[in-house]
Amino acid sequence: VLSLLSSLLERSVQKNEVLLEETQIKDVITIFHGLREPTLSIRQYIDRIFKYSGCSPSCFVVAHIYVDRFLQSTEVHLTSLNVHRLLITSIMLAAKFIDDA
């Protein structure tokens, strides 16, 4: 599940960055945008969250749905500047919804 999620996000980020570069469209800046790209890859970041958070794999599936819904309801594109922050926020929300007792 984690491998699939990271590859989906990485492909989406690559596609969006090429699209934004080719069309010269400015991305909408949100509170999720960082100033520079994090040093951890998406795969490393997801593995690290899984290792230390104790979230179930289903949290990561729900987190992906949350990210998808956020992107569909806004004009934001998934890029290397916002993917990590969107991911950790959506995983936290999914863990609260699914794994909290």
Side-chain angles (χ1 to χ4, degrees):
V1 170
L2 302 180
S3 172
L4 178 64
L5 176 63
S6 66
S7 67
L8 285 172
L9 290 172
E10 285 171 358
R11 276 191 260 149
S12 181
V13 166
Q14 289 171 352
K15 182 187 74 156
N16 287 334
E17 287 182 344
V18 167
L19 176 73
L20 289 172
E21 192 175 298
E22 287 176 352
T23 59
Q24 300 296 322
I25 297 174
K26 283 281 194 179
D27 193 20
V28 177
I29 304 297
T30 65
I31 58 172
F32 296 107
H33 279 72
L35 296 176
R36 58 181 157 35
E37 184 179 340
T39 55
L40 283 176
S41 71
I42 296 170
R43 174 64 188 192
Q44 292 170 327
Y45 194 60
I46 289 174
D47 287 342
R48 191 171 177 84
I49 293 170
F50 182 73
K51 179 179 178 182
Y52 292 111
S53 71
C55 293
S56 64
S58 59
C59 277
F60 290 87
V61 174
V62 172
H64 181 62
I65 293 168
Y66 287 163
V67 169
D68 239 12
R69 287 182 180 174
F70 175 76
L71 295 173
Q72 288 175 3
S73 66
T74 62
E75 295 295 318
V76 176
H77 293 88
L78 200 60
T79 65
S80 57
L81 297 178
N82 64 11
V83 65
H84 291 79
R85 290 180 182 185
L86 283 169
L87 192 57
I88 192 68
T89 304
S90 63
I91 291 171
M92 180 194 64
L93 289 171
K96 286 291 187 187
F97 187 73
I98 293 179
D99 286 345
D100 264 4

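The hydrophobic cluster containing I88 also contains L40, counting ILVMFWY residues as joined when their side-chain heavy atoms lie under 4.5 angstrom apart, directly or transitively. V76 is connected to V67 through a chain of hydrophobic side-chain contacts under 4.5 Å among Ile, Leu, Val, Met, Phe, Trp and Tyr, so both are in one cluster. L93 and L5 are assigned to two separate hydrophobic clusters, defined by single-linkage of ILVMFWY side chains at heavy-atom distances under 4.5 Å.
Here the OG-CD distance, from S6 to Q44, works out to 10.5 Å after rounding to the nearest 0.5 Å. Rounded to the nearest 0.5 Å, atoms CD1 (I49) and SG (C59) are 11.0 Å apart. One distance of note links OG of S53 with CD1 of I46; it measures 11.0 Å at 0.5 Å rounding. Of the inter-residue distances, the one linking L19 atom CG with T23 atom OG1 reads 4.5 Å to the nearest 0.5 angstrom.
Sequence neighbours left out, the pairs with a member in residues 87-100 that pass salt bridge (Lys or Arg N to Asp or Glu O under 4.0 Å) are K96-D100. Sorted by first then second residue, the ring pair (Phe, Tyr, Trp, His ring centres under 6.0 Å) pairs that include residues 9-45, not counting sequence neighbours, are F32-F70, Y45-H84.
Counting all heavy atoms, side chain and backbone alike, T79 lies closest to V13 at C-CG1, 3.8 Å. S56 and I98 get closest at one heavy-atom pair: OG-CG2, 4.4 Å. Closest of all the heavy-atom pairs between P57 and V1 is O-CG1, 3.9 Å. Residues A63 and A94 approach most closely at N-CB, 3.9 Å, considering heavy atoms. Listed here is the closest heavy atom pair of F60 and C55: CE1-CB, 4.0 Å.
Of the possible polar contacts, none joining the T89 side chain to the L86 backbone as a donor-acceptor pair under 3.5 Å is found. Side chain of N16 to main chain of S12: a donor-acceptor pair is present (N/O by atom type, distance under 3.5 Å, no hydrogens or angles).
Between L87 and L9 there is a side-chain heavy-atom pair separated by less than 4.5 Å. With a 4.5 Å cut-off on side-chain heavy atoms, L71 and H77 do not count as touching.
In this view, D47 and R43 satisfy the salt bridge (Lys or Arg N to Asp or Glu O under 4.0 Å) rule, not counting sequence neighbours.
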Test side chain to side chain contact (heavy atoms under 4.5 Å, CB included) on S80 and E17 and set out the steps. CA-CA 8 Å; S80 57; E17 287 182 344; 2.6 Å; yes
